[in-house]
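Presented below is the structure to which this report refers.
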Amino acid sequence: MADISIEPPNSRLFILCSKNLNETDLQQAFDHYGNVEDIWIVKDKNTNESKGVVYIKYSKSSEAALAMEEMNGKVIANAPKPIKVMIAHSREQGSKKDDDPERLLRLFIVVPKSMTEEELREHFKQFGEVEYVSIVKNRDTGESKGVGYVKYYRAYHAAKAFEECSKSFKAVFARPREPKVPSGGQYDPPMERMGGGGGWIGYGDNVMPMGGRGGSGGHGDARLIAAVHSSLRQEQVYKLFDIAPGLVDIRPQANAQRNYYNQIQKVLVEYNCPQAASYAAEKLHGFEYPPGHRISIRSASGDLPPPSRGALLPNTPTSRMDMNGSGMTTISTSELATLNAALAKAEAIIKNRGLAPSGLKSADDETFDPTYCSVRLPPPQQLVPPPDGPTHRLFIVCQPGLPSMYALRDIFGRFGNLVEVYTLHGKNCGYVTYATQESAEEAIKKLHLQEVCGMRMKVMVAEPPRGGPDRSDRKRLRMDHDSAEA
DNA sequence: CGACGGGACGC
DNA sequence: CGACGGGACGC
């Protein structure tokens with residue numbers, strides 16, 4: 001099948017008008033919105049009379065969009081009726097009754113995973129007023145899927161963004177939303193936890209307060225909503241809630257993707273029974289972790305008042321974890337000791353950034369806290385969008401593990417022009433991309449062999465990706481390789 | 001030593 | 001109201 005779609009997309013007008021209009025009339029009316037490549041007045045094959053249907057092809061989508069916005073509803077050349085101007089559908093698609101106007105307004109883009117919606121909007125507003133931006137997130141992990149949408153109010157603005165935004169966004173006009181398909185199940189059955197828990201030690205099954213206060217009311221929601229500090233990585237949160245047996249699943253709440261401005265992340269914690277949930281809630285609610293930041297927990301069904309322990313004992317020593325096991329708390333394992341060591345460093349983030357509840361963005365000063373980073377750092381800065389030009393990539397390795405993405409993003413961002421940081425799954429290393437060589441060099445100079453959140457970090461220039469140092473040289477034109485049919 | 005991800009929206 | 005012509009092989 002030959003590809004008969006119009007290139008570039010949305011660059012052709014479909015016009016309904018008086019049959020009297022000739023090509024000159026149309027050319028005079030439409031010429032100055034852009035480069036008109038073709039004017040075609042559809043005529044009756046037999047009579048050779050105009051059918052009142054005209055196609056005008058522009059070189060660019062934005063030209064067609066502007067022409068449509070300006071000319072729709074206008075009367076030209078003293079014609080008896082105003083013209084109707086639309087962006088033509090593809091030839092295959094043909095006439096559509098319910099024309100979805102969103103098709104001209106919404107772009108689908110590839111977005112660096114470390115980029116927030118706020119930063120996206122900031123970049124795309126240069127082309128016109130943005131209705132919304134959204135980043136697609138993994139439902140289970142809350143992580144960005146690396147793609148998103150930008151919607152404008154005007155077709156002209158969307159077309160300008162389509163043409164002029166950084167190539168690395170790979171902007172295309174978004175396919176219309178699929179009509180909703182009713183699905184079978186409400187939610188997927190939770191997976192059994194794998195790699196059975198050598199995790200929790202220190203008490204046996206009978207220590208569990210079965211039928212204790214956990215059973216009060218017997219309502220039995222085995223799920224909790226917990227609010228914890230954003231600096232905690234998911235594994236760390238997992239270890240915290242693994243203090244009770246029967247932990248089934250932890251996942252971020254929808255729209256709770258953590259970012260620089262968000263000091264709290266909310267997670268849904270699911271146990272295999274209400275008693276386990278109740279037990280964990282009793283242990284952890286009100287507990288300060290990292291120090292100075294109390295974990296808050298409530299029942300996922302929302303109707304249950306939070307377990308009262310933290311409320312009764314706020315900020316008292318017994319509400320803290322006793323890592324030496326000398327107190328009454330049962331939380332005391334070597335694993336948790338390791339966890340504590342890592343988490344204690346997070347305190348520095350709070351102190352030095354002014355991340356106190358009311359002072360989210362007051363961190364303009366240089367930072368020097370050896371427990372956060374062993375070297376003096378410039379103030380935090382925003383990410384920058386991917387440039388069209390070359391980027392400068394660093395390779396980082398940490399021992400014994402990686403700091404949280406939150407910390408990495410912040411620290412590397414402080415040298416300016418940071419485009420992206422991503423880490424390899426299951427490894428202690430990752431890549432950091434800058435838009436300028438100066439920032440990249442500065443990051444190496446300042447951070448190489450320094451300590452971040454208690455982790456020793458190597459920072460060096462990355463080798464070019466294997467599989468060809470330069471893929472951008474290859475032909476971008478779409479060849480018709482789609483010959484294979486299903 | 002320690003090296004390469006990810007592409008469609010709960011309306 | 002409302003959806004698809006014409007051109008035709010070079011360095």
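Letters A, B, ... are given to chains in the order of the sequence lines, protein chains preceding strands, and every chain is numbered from 1. Below, each value reflects all heavy atoms present in this structure, side chains not excepted, and no hydrogens, waters or symmetry copies.
- Checked against side-chain hydrogen bond (donor to acceptor under 3.5 Å, both in side chains), Asn417(A) has the following partners two or more places apart in sequence or in another chain: Thr436(A), Ser439(A).
- Of the residues in residues 148-170 of chain A, those with a non-hydrogen atom less than 4.0 angstrom from any atom of DNA chain B are Tyr149(A), Lys170(A).
- For the contact set between residues 10-19 of chain A and DNA chain C, defined by any heavy atom under 4.0 Å, the members are Arg12(A), Phe14(A), Leu16(A).
- In the region residues 52-85 of chain A, proximity to DNA chain C at under 4.0 angstrom, judged on heavy atoms, holds for Tyr55(A), Lys84(A).
- Sequence neighbours left out, the pairs with a member in residues 19-47 of chain A that pass ring-ring contact (aromatic ring centres under 6.0 Å, His included) are Trp40(A)-Tyr55(A).
- Considering only side-chain atoms of Lys51(A), the nucleotide from dG7(B), dG6(B), dC4(C) that sits closest is dC4(C).
- Qualifying side-chain hydrogen bond (donor to acceptor under 3.5 Å, both in side chains) partners for Lys427(A), counting only residues two or more places apart in sequence or in other chains: none.
- Under the side-chain hydrogen bond (donor to acceptor under 3.5 Å, both in side chains) criterion, Gln399(A) pairs with no residue, sequence neighbours left out.
- Annotation: side chain to side chain donor-acceptor pair (under 3.5 Å) contacts involving residues 67-82 of chain A, sequence neighbours excluded, comprise Glu69(A)-Arg154(A).
- DNA chain B lies under 4.0 Å from at least one heavy atom of each of the following residues of residues 422-441 of chain A: Tyr422(A), Leu424(A), Lys427(A), Tyr431(A).
- Applying the side-chain hydrogen bond (donor to acceptor under 3.5 Å, both in side chains) rule to His392(A) yields no partners; only residues at least two apart in sequence or on another chain are considered.
- Only Trp40(A), Lys45(A), listed by number, bring a heavy atom of residues 40-50 of chain A to less than 4.0 angstrom from any atom of DNA chain C.
- Listed by residue number, Arg393(A), Phe395(A), Val397(A) are the residues of residues 389-403 of chain A with a heavy-atom contact under 4.0 Å to DNA chain B.
- Of the candidate nucleotides dG5(B), dC1(B), dG5(C), dC1(B) has the atom lying nearest to any side-chain atom of Lys458(A).
- Ion pairing between Glu441(A) and Lys445(A) fails under the 4.0 Å rule for side-chain N and carboxylate O.
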